[in-house]
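Values in this document were obtained by computation on a predicted structure and should not be read as measured data. Residue numbering restarts at 1 for every chain, and letters A, B, ... go by the order of the sequence lines.
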Number of protein chains: 2
Amino acid sequence: MKNQLPTIKEIAKQLNISVSTVSRALHDHKSIGLRTKTRVQELARQLQYEPNQTAIFFQQGKTFTIGVILPELSEAFFSAAISGIEDAAHKGNYTVLLGQSHDSVDKEKQLIETMKKHRVDGLLISISKNTNDYSHFEALRRYNIPIVFFDRIPKIPNIHYVACNMVNGTVQAINFLFTKGHRIIGMINGPEKLPATKERLDGYIQAMTKSRLKYDPALVLNCDLTTESVCAATEKLLTGKRRPTAIVTFNDYVALDAVQQARKMKLKINKDICFVSYANLPLTNYTAFPPMASVEQFPYQQGQKATETLIELLQQKSNGDADNSNATYYKIILESQLVLHDGK
Amino acid sequence: MKNQLPTIKEIAKQLNISVSTVSRALHDHKSIGLRTKTRVQELARQLQYEPNQTAIFFQQGKTFTIGVILPELSEAFFSAAISGIEDAAHKGNYTVLLGQSHDSVDKEKQLIETMKKHRVDGLLISISKNTNDYSHFEALRRYNIPIVFFDRIPKIPNIHYVACNMVNGTVQAINFLFTKGHRIIGMINGPEKLPATKERLDGYIQAMTKSRLKYDPALVLNCDLTTESVCAATEKLLTGKRRPTAIVTFNDYVALDAVQQARKMKLKINKDICFVSYANLPLTNYTAFPPMASVEQFPYQQGQKATETLIELLQQKSNGDADNSNATYYKIILESQLVLHDGK
DNA sequence: TATAGACGTGCAAACGCTTGCGGAAGAACT
DNA sequence: AGTTCTTCCGCAAGCGTTTGCACGTCTATA
């Protein structure tokens, strides 16, 4: 009772023709007579024949699969990103092989091995927080598996990536606050070494300088994103010599913690003190005191764009533009954008 | 400049032995002499040989891949679930092929086709909201691809599934409110046809009856989950004849909307009116007036458990317990559980 | 010394499909 | 009638691996 699935061979036997004819008939190859073509297609339908993709993958050395490695699937940012990735992949007739690194370098390496074994055609990676050693990415070059990094980009030359520029969004945020009349603007930034932190700071300095408010380092504090450190930073800012009337926070979660702290200090939100943050998570619609605005980073779009460029790379490759010799590297920067929340 | 990856054949040639010997040597087969075994392994390392999985997949008719189809990757529940799935799969040496249906039946069908083509070993599905026709699932039986459904289960017999029982959690919620002194307890439930809605209602009735509070249908309203309908329901409940002192809401989002509405009506949250909801999303930590408690549905664990049972099924299959003849169907029910939020 | 076992290795088929090439048959030309 | 095209189809190789089987060559046993 094998119940084997029908193969091309089976069809050939039943019709007393050769497998090659069947194969070509199914592909609508021009050199097959109309008569046999329809006979084959008819029987294939009857038998509910479906090509064995694993055989084809093997035979063609191509899997129409793209590997995706990201730090944490359950985080809002990445789950939006994977959604964009899946949609774009599906549109391009690719499927998605998924792995999460949990921000562990080891797991990241393992996943790359797995992906390599599965012979994915290309790779989409947002690197783990703790990755400093990039050799496992470099190692992929010899396999000719293109990688497109997104959001979290390793600091190595000659790579493709898609990212979202936080500088501009930050400038927009500061300018927005400026036009609202704020002159002393604080910032609760993220962990110091993070590139994301640096970008925000750059934007901050740039905008403050342009607005002829001088940059006061005392108004910018780092935190490690824990509630405690956020509260501490908030308190320090709000009791400092120059008390800010507005604060830009590293992300929405930080904003929410900071808001709580400010309320604890009997300050009226959006009156005594305003907040602007990054991410624009859906939850900001629901909190009693959401930040006035958020810098949107478009995770869905980032994922989508990254996937599209990867697919483009794959097509170039199969078009024989082989070997990254005349290599141009995609460096795609989406612009972040300030989104105002209805003051409602 | 082919830059072909090294194959088993290449090793064989360089060592002047046959491919079968190389293959066995690499697998540590006992019938290979120690001497050649080490020679082979040594050369394999030098050449950075890696087996071509696509060839193996093809040869063995097994891909060590499980397909996952769920409605919406960016929803908190499912992103937690996929996280659990990925972790469990990785632990069992499987990889995850991902697809999202966007709650469209057509896309769901397409995805199943794709998965089938990719010859996934098994399938994990949470069905789309609008799926009424289950033929595309039935069609998979003849391919002998086991499916484990989770969370959203089709109403057909003889399937494996993992789900979370909402009845118990609801009972816990009501009991909790009862011990807190509440006697008039309302419910804002979800869309009427959803099984999830029915389960909550069942739990509600069961608990109310057990507590010797009689079941008053006027205290239970349905909504379609939009903010407007939630607000309307809330208002109706709170202005009704018997005004509840506590309300159980379909999920956290509903709770947040209801809270807003209650505040608009100048009621003091947790004093005039208490809320309990389902899901226990992280955001409840951040809102100013979170529900007092949530019924946790353990999406991560559901995903994990579903994956584990699928893997078990696959192992049974390869052990020749073939053909779902002596079929026992897994029906795994996780118990939901009430989680109290610090009144902080 | 013949013989059975162990040990180590190679042959070849099989998995399902694609594709370059060659060949047979007929049609259309000179 | 002979030649050249078309048109249609089959042969067979090849993709990289695994694995049942047979074939040696020793060593230990009778």
Open item on the list: Looking at B:E138 and B:R141, is there a salt bridge between them, counting it only when a charged N and a carboxylate O are closer than 4.0 Å?
Closed with: yes

Open item on the list: Salt bridge check, B:K107 against B:E72: does any charged N sit closer than 4.0 Å to a carboxylate O?
Closed with: no

Open item on the list: Over all strands shown, is B:T36 touching base, sugar-phosphate only, or nothing at heavy-atom distances under 4.0 angstrom?
Closed with: sugar-phosphate

Open item on the list: Rounding to an integer number of Å, can you tell me how far A:L15 CG sits from D:dC8 P?
Closed with: 17 Å

Task: Rounded distance in Å - NE2 (B:H29) to C1' (D:dT18) - done: 10 Å

Task: Footprint string (nucleotides 10-16 of chain D, 5' to 3'): B base within contact, S backbone only, - free, heavy atoms under 4.0 Å - done: BBB-BBB

TODO: Kindly say whether A:L26 contributes a backbone atom to a donor-acceptor pair with the side chain of A:Q41 at under 3.5 angstrom?
DONE: no

TODO: Mind grabbing the angle between the end helix axes of the helix from C:dT1-D:dA30 to C:dC29-D:dG2? Five pairs an end, 10° rounding.
DONE: 60°

Task: ring-ring contact (aromatic ring centres under 6.0 Å, His included) contacts touching residues 112-137 of chain B (sequence neighbours left out) - done: A:F57-B:H118, B:F137-B:F149

Open item on the list: Name the residue from B:T131, B:I125, B:D103 that meets the side chain to side chain contact (heavy atoms under 4.5 Å, CB included) definition with B:R152.
Closed with: B:D103

Open item on the list: Exactly one of A:Q100, A:E108, A:H102, A:K109 should register a side chain to side chain contact (heavy atoms under 4.5 Å, CB included) with A:S128. Which one does?
Closed with: A:E108

Task: Positional range of nucleotides in DNA chain C within the contact set of chain B, heavy-atom, under 4.0 Å - done: C:dG8 to C:dG16

- [ ] Would you please name every residue forming a side chain to side chain donor-acceptor pair (under 3.5 Å) with A:R35, sequence neighbours left out?
- [x] none

TODO: Tell me yes or no: between the side chains of A:H29 and A:S31, is some donor less than 3.5 Å from an acceptor?
DONE: yes

Task: Nearest-0.5 Å distance that lies between atom OG in B:S126 and atom CD in B:E75 - done: 9.5 Å

- [ ] Give every residue pair that meets the salt bridge (charged side-chain N to carboxylate O under 4.0 Å, His left out) criterion with at least one member in residues 50-69 of chain A, sequence neighbours excluded.
- [x] A:E50-B:K116, A:K62-A:D121

